[in-house]
Amino acid sequence: MERVHNFNAGPAVLPEEVLLEAQADLFNYKGLGLSVMEMSHRSKEYQEIIDETNAAVKRILGIGEDFEVLFLQGGASLQFLMVPMNFAFDSKEANYINTGQWATKALKEAKKIGKKVHVAATSEDRNFSYIPKTWTLSDNPSYLHITNNNTIFGTEWKIDPATPADVPLIADMSSNFMSKPIEMDKYDLIYAGAQKNVGPSGTVVVIIRKSLLEQSITNLPTMLDYKIHAKNGSMYNTPATFTIYMIGLVMKWIEGYGGLAKIEQSNIAKAKYIYDAIDHSDGFYKGTVDIEDRSLMNITFRLPSEELEEQLIKEAKKAGMIGLKGHRDVGGCRASTYNALPLKAAHDLAEFMKLFSQKNG
Ligand SMILES: *Cc1c(COP(=O)(O)O)cnc(C)c1O
């Protein structure tokens with residue numbers, strides 16, 4: 001059976017090679033007579049899987065001993081809480097740049113546990129259609145939190161922002177993690193739900209600079225304390241063993257592809273097909289965000305009417321292209337073009353969009 005072109009925003013497309021490898025391993029992993037799902041997380045064999053996944057993440061990002069890589073549960077949404085719990089000191093203000101719904105949720109979580117929050121910049125005035133270019137930190141910031149790619153609104157930070165040396169930069173990279181090289185020296189904590197770009201759902205990858213971790217707030221509830229998870233190698237409790245194994249396969253795939261610079265080239269080529277179809281449609285399609293801030297991962301656009309939007313989504317599905325409906329809170333259309341989306345899928349969607357606008361424009 002043919003596979004569809006999958007433009008889902010998350011859970012999302014995985015590399016075919018990864019799925020086939022997992023399929024081959026599923027029944028009897030490397031001749032051990034059981035699947036990865038059935039292994040003890042305390043076994044030597046599983047320890048090798050998680051160690052190799054951890055090492056591959058570090059190799060790909062070019063980071064070493066000064067960072068911890070953790071595989072936790074509760075998704076990026078639990079990180080909205082864990083970040084302020086661990087790093088928002090009561091004597092300081094937690095700084096946030098608000099670029100959309102996920103960023104709003106992140107800062108609300110800090111407020112909910114009674115932390116002082118300062119919004120250093122926001123793009124809410126134009127419905128989150130751009131990335132702020134300037135921001136003002138409070139006097140005594142505990143950290144600055146940004147959302148690197150705004151999955152729902154379709155904007156992305158193109159330049160990793162810098163903070164003063166004593167202000168940690170914390171980023172939600174759920175939807176663009178490993179989509180391009182990252183300037184890791186600027187970041188102190190990164191988190192990313194696996195289900196957008198690096199695996200199935202069930203795990204959030206957290207990368208923390210050890211010097212930040214050492215300063216974290218003490219006496220936290222066990223499962224919400226990064227130090228406990230770091231000390232136990234992400235195995236304080238049973239981790240999402242199969243998801244972590246799948247992330248390991250995706251890491252192997254990224255390395256086989258040639259690393260993040262190569263991945264980025266491919267992502268640029270894919271996004272270009274679709275943005276060109278939008279820009280060359282005589283206004284039939286309208287991008288919803290400022291051109292300079294357009295995301296490489298989530299391409300959002302509108303058609304002249306909601307009826308046409310529905311029709312496009314329906315006809316695309318018939319043509320084997322799924323996942324084009326915009327987020328339920330913003331409407332319109334959205335094509336997510338994560339790492340694993342083949343170039344041909346983006347090409348085919350662009351051609352489909354051209355024909356659709358000619359027929360209906
Ligand atoms: C999907 C997403 C989240 C939420 O992730 P969960 O794993 O469902 O908690 C948070 N932030 C961003 C940027 C996302 O794209």
Side-chain angles (χ1 to χ4, degrees), residues 6-14 70-85 96-110 112 122-124 128-132 143-158 160-161 169-180 182 187 189-207 223-224 226 229 234 239-240 242-244 246-247 250 267 271 288-289 293-300 323 325-330 334-341:
N6 181 355
F7 296 94
N8 280 333
V13 60
L14 287 164
L70 306 177
F71 303 105
L72 306 182
Q73 295 171 68
S77 298
L78 188 58
Q79 295 307 302
F80 297 163
L81 171 65
M82 281 180 74
V83 163
M85 266 202 148
Y96 286 80
I97 297 183
N98 189 359
T99 50
Q101 276 190 33
W102 295 119
T104 306
K105 285 186 175 168
L107 72 89
K108 273 193 183 153
E109 233 29 39
K112 269 195 177 166
T122 174
S123 52
E124 201 173 359
F128 301 118
S129 59
Y130 69 103
I131 297 288
Y143 56 78
L144 174 65
H145 179 285
I146 64 166
T147 309
N148 222 274
N149 183 73
N150 297 283
T151 326
I152 295 173
F153 288 96
T155 59
E156 181 172 15
W157 289 78
K158 294 299 161 64
D160 299 83
L169 181 62
I170 296 181
D172 176 358
M173 286 196 191
S174 291
S175 48
N176 68 348
F177 182 55
M178 300 256 178
S179 67
K180 60 184 180 183
I182 306 171
Y187 291 98
L189 191 156
I190 288 171
Y191 59 91
Q195 73 274 18
K196 306 290 165 59
N197 213 17
V198 295
S201 61
T203 293
V204 53
V205 183
V206 181
I207 301 170
M223 284 295 287
L224 301 176
Y226 288 119
H229 291 296
S234 302
F242 193 75
T243 299
I244 296 167
M246 289 293 288
I247 295 172
V250 172
N267 287 331
T288 57
V289 305
D293 298 325
R294 282 173 162 176
S295 168
L296 279 189
M297 297 278 100
N298 309 100
I299 299 172
T300 53
K325 198 167 161 49
H327 188 276
R328 62 188 182 281
D329 292 342
V330 299
R334 171 176 57 178
S336 297
T337 53
Y338 297 120
N339 288 354
L341 186 85

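Ligands are counted one by one from 1 in listed order, and the atoms in each one are counted from 1 as well. Quick note: numbers below take in every heavy atom, side chains included, and nothing from hydrogens, waters or symmetry partners.
Counting only non-hydrogen atoms, the option in Lys196, Gln79, Gln101 that gets closest to atom 2 (C) of ligand 1 is Lys196. When Met173, Lys105, Gln73, Gln195 are ranked by how near their heavy atoms come to atom 6 (P) of ligand 1, first place goes to Gln195. Counting only non-hydrogen atoms, the option in Thr147, Asn298, Asp172 that gets closest to atom 11 (N) of ligand 1 is Asp172. When Trp102, Phe177, Tyr191 are checked for heavy-atom proximity to atom 10 (C) of ligand 1, Trp102 turns out nearest. The closest non-hydrogen atom to atom 15 (O) of ligand 1, taken over Leu78, Asn150, Thr151, comes from Thr151.
Judged purely by atom type and a 3.5 angstrom limit, Asn298 has no side-chain atom pairing as donor or acceptor with the backbone of Thr155.
Geometrically, ligand 1 and Ala76 share a nitrogen or oxygen pair separated by less than 3.5 Å.
Per-residue contacts place Asn149 under 4.0 angstrom from the following atoms of ligand 1 (heavy atoms of the residue considered): 13 (C). Ligand 1 places these atoms under 4.0 Å from at least one heavy atom of Gly75: 7 (O), 9 (O).
Considering all non-hydrogen atoms of both residues, Ser174 and Lys196 come closest at O-CB, 3.2 Å. For the pair Val250 and Asn197, the tightest heavy-atom approach, listed with the atom from each and the gap, is CG1-O, 4.3 Å. Scanning both residues, Thr243 and Pro200, for their nearest heavy atoms gives CG2-O, 3.4 Å.
Note that CG of Asn8 and CZ of Arg334 are 9.0 Å apart. Values are rounded to the nearest 0.5 Å.
Under a 4.0 Å heavy-atom criterion, Val204 is not in contact with ligand 1.
In this structure, Lys108 fails the cation-pi test against Trp102, since its NZ or CZ atom is not both closer than 6.0 Å to the six-membered ring centre and inside 45 degrees of the ring normal.
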Test side chain to side chain contact (heavy atoms under 4.5 Å, CB included) on Val205 and Met173; report intermediate values, then the result. CA-CA 10 Å; Val205 183; Met173 286 196 191; over 6 Å; no
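Scanning the protein heavy atoms around atom 9 (O) of ligand 1, the nearest turns out to be Ser77 OG, 2.6 Å.
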